[in-house]
4 protein chains.
Amino acid sequence: MNNNGKLNRRAGRTNKRDLLLDAAIEVFATKGSTSATIADVAKKARVAMGTVYLYFESKDDLLQRCMSEVISAEIDSIIKKTESITDPMDRLYAFFIHHVALVKEKPYIARFITVEVRQSESFSRRNPGYNPQQRYLDHVVDTAKTAIETGRINPIDPHALAILLVGTMDILIWQWLASEGQMDIEAISYQVRQILQTGVTPKAIS
Amino acid sequence: MNNNGKLNRRAGRTNKRDLLLDAAIEVFATKGSTSATIADVAKKARVAMGTVYLYFESKDDLLQRCMSEVISAEIDSIIKKTESITDPMDRLYAFFIHHVALVKEKPYIARFITVEVRQSESFSRRNPGYNPQQRYLDHVVDTAKTAIETGRINPIDPHALAILLVGTMDILIWQWLASEGQMDIEAISYQVRQILQTGVTPKAIS
Amino acid sequence: MNNNGKLNRRAGRTNKRDLLLDAAIEVFATKGSTSATIADVAKKARVAMGTVYLYFESKDDLLQRCMSEVISAEIDSIIKKTESITDPMDRLYAFFIHHVALVKEKPYIARFITVEVRQSESFSRRNPGYNPQQRYLDHVVDTAKTAIETGRINPIDPHALAILLVGTMDILIWQWLASEGQMDIEAISYQVRQILQTGVTPKAIS
Amino acid sequence: MNNNGKLNRRAGRTNKRDLLLDAAIEVFATKGSTSATIADVAKKARVAMGTVYLYFESKDDLLQRCMSEVISAEIDSIIKKTESITDPMDRLYAFFIHHVALVKEKPYIARFITVEVRQSESFSRRNPGYNPQQRYLDHVVDTAKTAIETGRINPIDPHALAILLVGTMDILIWQWLASEGQMDIEAISYQVRQILQTGVTPKAIS
DNA sequence: AATGAATGAGCCTTCATTCAT
DNA sequence: AATGAATGAAGGCTCATTCAT
């Protein structure tokens with residue numbers, strides 16, 4: 001679809017680099033980043049081991065790039081998709097649902113986020129802005145603040161709500177991955193929304 | 001020769017074994033179980049490397065024991081502590097608070113639970129009963145069912161509530177660990193309880 | 001770029017593999033396969049330790065290959081060399097002499113055969129066809145049967161003769177190795193032939 | 001059965017030492033001396049590992065003592081048993097048969113002789129007099145010389161005869177061990193005697 | 001730009017040996 | 001004399017990284 005040499009060359013370069021990033025995420029998610037080897041990644045990408053080092057400085061660099069580039073892009077994409085929704089409650093729910101969709105479409109990205117990113121402390125400390133969970137939390141806090149300001153939801157603590165939502169999403173995905181796709185993630189999501197909306201306590205008593 | 005031979009021998013054996021388990025959990029939690037070496041564990045426990053193999057068959061065995069013995073014991077202890085509380089809502093909250101207390105007291109156990117157990121799929125598959133998160137989920141589901149039956153809370157989906165609670169707890173701890181203890185975990189916990197009790201939607205509107 | 005790509009690659013691979021096999025046989029023969037280390041073999045072959053694992057799966061695999069490839073090839077070669085000799089007695093003697101020549105030329109192969117193969121029971125059981133001593137015995141039995149059928153030698157038990165010959169050869173080499181090449185192995189061989197031909201008992205008395 | 005304290009104490013000491021030597025030979029013969037561990041020997045002897053070091057300086061010392069004491073004693077015993085036989089040919093055959101009997105009675109000693117002793121170069125060099133095969137060879141050479149001097153056998157090379165006999169014996173036992181006792185060792189022994197007595201060559205032709 | 005053979009540091013594990021009891 | 005827990009050096013093997021082609 002590109003129509004000049006410059007873009008093509010760039011695309012060529014980008015394609016192999018992206019090919020490697022995709023292969024790396026899948027391999028890292030499947031075997032765990034420590035157990036996965038450069039040979040595994042190279043094999044999955046159908047290139048020679050040495051080629052990996054033409055695009056990434058080291059195995060650790062490759063791992064960091066997976067987090068900061070691929071994962072970050074996916075999350076940006078999700079957040080952007082929900083920005084046009086005006087009702088904050090709907091926006092949060094849409095964000096939730098879009099993430100679920102990503103998970104179903106590219107499960108290895110979900111596994112990578114829920115497993116690898118969490119344990120990568122060195123990454124989190126060096127690149128706090130790229131921690132997907134932090135991105136999610138910040139996004140929810142922002143949305144919640146708007147919702148409160150507009151009176152759309154009760155004046156609750158936005159940070160607490162964010163933790164509730166993101167934590168729920170995280171473990172929901174974890175459970176779904178563990179169930180190997182057997183769990184009805186949408187049904188649970190809907191139930192979660194109901195609880196959050198009305199609370200658990202009977203109205204008369206609360 | 002202190003008390004009697006039997007106790008001494010048993011205590012002696014148990015002590016060194018427990019010493020190793022504690023050291024292992026801390027080391028595994030800090031470096032990740034794959035990156036951590038037996039030498040690290042031995043050094044932390046101030047014994048020689050070979051000694052580890054007097055009490056555990058392999059590095060993997062040591063990791064499994066950390067999960068199935070130490071972690072499981074802590075979780076049993078927490079669940080047991082809350083069993084006497086009659087009000088289901090209070091019981092769930094107490095369970096939450098006890099877990100927070102454990103985390104504050106032995107942060108490396110928390111880190112081990114939130115990070116290592118999650119990625120140890122092989123363990124989870126072989127020993128589903130020892131997965132702490134599953135234990136938590138089951139416990140909350142049970143408690144929620146009771147609460148619903150007694151009319152103490154609305155007839156919501158217990159499984160959804162469990163995912164909400166445990167997921168929140170999990171990420172709350174993760175955030176607290178990342179903040180290196182700076183976050184006011186109790187305040188957030190209280191806010192979470194408020195949200196869960198009354199819901200986010202203004203009464204009149206919902 | 002010498003001849004053609006195919007041959008070069010093949011030759012390159014074969015050469016390093018053969019280099020390792022030769023080094024391994026010498027090291028195994030000298031130190032014993034259990035005491036010999038991969039580092040020893042690598043050092044003798046002037047490669048890095050890891051290189052061994054590019055050509056062989058494990059230390060045990062390397063040992064098996066020494067037996068099944070190198071040793072077997074040498075023995076095939078000896079047996080083939082003697083096949084054209086028509087007189088069975090001469091053929092047996094030629095076989096004996098050729099083996100002695102091999103021993104003198106590549107003493108470490110001889111030592112490997114007399115020492116390592118003997119103790120490698122697991123190998124013998126799994127690959128009975130590659131046991132050099134068994135190969136020798138079978139060959140001698142076959143030749144002896146022909147010799148008997150043609151009336152060239154007395155109707156003795158071929159199996160007993162095989163054991164006599166191969167056993168003698170084995171220990172003769174062992175003695176020669178122990179004497180560090182000082183023993184006149186051909187002279188003894190000739191004497192052995194004399195004894196076998198005429199027997200030890202004076203004609204009149206027997 | 002001893003009847004004074006001194007002897008008893010000595011016997012006590014000797015018994016545990018002998019117990020260890022027996023256990024060691026069996027273990028060394030079964031697993032190979034390099035693969036066998038001190039723990040194996042201690043377990044077989046039903047003593048603690050440390051006890052081994054009360055009677056032997058090191059694992060190597062234990063191995064040397066197995067060769068120089070136990071094996072040597074067995075061989076002395078065999079040679080002594082045949083000394084009274086006047087006819088040299090009968091004496092050699094009796095020696096052969098006695099060794100076969102030892103092998104059948106204590107196969108692990110046979111395996112130890114045929115396998116372990118052979119590969120223990122360091123031992124052979126340091127203690128040439130204790131090499132069982134050398135002892136056998138020397139004995140046969142002596143007997144053969146007598147037989148020749150008395151005209152009982154042809155004036156052959158005694159050394160060649162010795163190598164013939166001992167080599168045959170060695171491989172015969174090896175074959176028998178490999179056959180797991182299925183081979184009729186006596187029948188083959190008899191055939192071997194026939195061949196040695198009369199030779200393989202038809203009288204008229206030789 | 002691409003390859004993959006070669007490297008060697010580092011890890012898990014074993015086991016001969018010691019020593020406090 | 002006897003024990004066996006503890007030690008730590010050494011070996012097999014892996015894999016991130018390099019470099020000649």
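Remember, it's a predicted structure, so these values are computed and weren't measured experimentally. Sequence lines set the chain letters: A, B, ... in the order given, protein chains first and strands last, and positions in each chain run from 1.
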Which whole-number value in Å describes the distance from [X] [atom1] to [N] [atom2]?
X        : N       : atom1 : atom2 : answer
Tyr55(A) : dA2(E)  : OH    : C1'   : 8 Å
Lys59(D) : dC15(E) : NZ    : P     : 8 Å
Arg46(C) : dA5(E)  : CZ    : C1'   : 19 Å
Leu54(B) : dC15(E) : CG    : P     : 13 Å
Leu62(C) : dG12(F) : CG    : P     : 11 Å
Leu20(A) : dA2(E)  : CG    : P     : 9 Å
Arg17(A) : dA2(E)  : CZ    : P     : 13 Å
Asp61(D) : dT18(E) : CG    : P     : 12 Å

Let me check I have this right: for DNA chain E, each base becomes ., (, ), [, ] or |, based on Watson-Crick or G-U pairs with both distances under 3.5 Å. What is the full string?
.||||||||||||||||||||
Strictly below 4.0 Å, N to O, side chains only: are Asp40(A) and Lys44(A) in salt-bridge contact?
no
Can Glu26(D) and Arg111(D) be counted as an ion pair, charged N to O under 4.0 angstrom?
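Salt bridge absent between Glu26(D) and Arg111(D).
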With side chains defined as the heavy atoms from C-beta onward, is the minimum distance between Ile38(A) and Tyr53(A) less than 4.5 Å?
yes
Closest non-hydrogen atom pair between [X] and [Y], with its separation:
X        : Y        : result
Cys66(D) : Ala24(D) : SG-CB, 3.6 Å
Val41(A) : Ala23(A) : O-CB, 3.9 Å
Ser35(C) : Thr34(D) : OG-CG2, 3.8 Å
Phe56(A) : Leu20(A) : CE1-CB, 3.8 Å

Counting side-chain heavy atoms from C-beta on, which of [options] comes nearest to [X]?
X        : options                   : value
Met49(A) : dT3(E), dG12(F), dA6(E)   : dA6(E)
Val47(D) : dT18(E), dT17(F), dT3(F)  : dT3(F)
Tyr53(D) : dT18(E), dC12(E), dT17(F) : dT18(E)

Tell me whether the side-chain N/O atoms of Thr51(B) come closer than 4.0 Å to OP1 or OP2 in dT7(F).
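Indeed, a polar side-chain atom of Thr51(B) lies that close.
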Output the residues of residues 31-44 of chain D in contact with DNA chain F, where contact means a heavy atom of the residue under 4.0 Å from an atom of the strand; sort by number or write none.
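Residues of residues 31-44 of chain D under 4.0 Å from DNA chain F: none.
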I'd like to know if the side chain of Lys59(C) and the backbone of Ser33(C) have a donor-acceptor N/O pair within less than 3.5 Å.
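Side chain of Lys59(C) to backbone of Ser33(C): a pair is present.
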Under 3.5 Å, is there a donor-acceptor pair between the side chain of Thr51(A) and the main chain of Val47(A)?
no
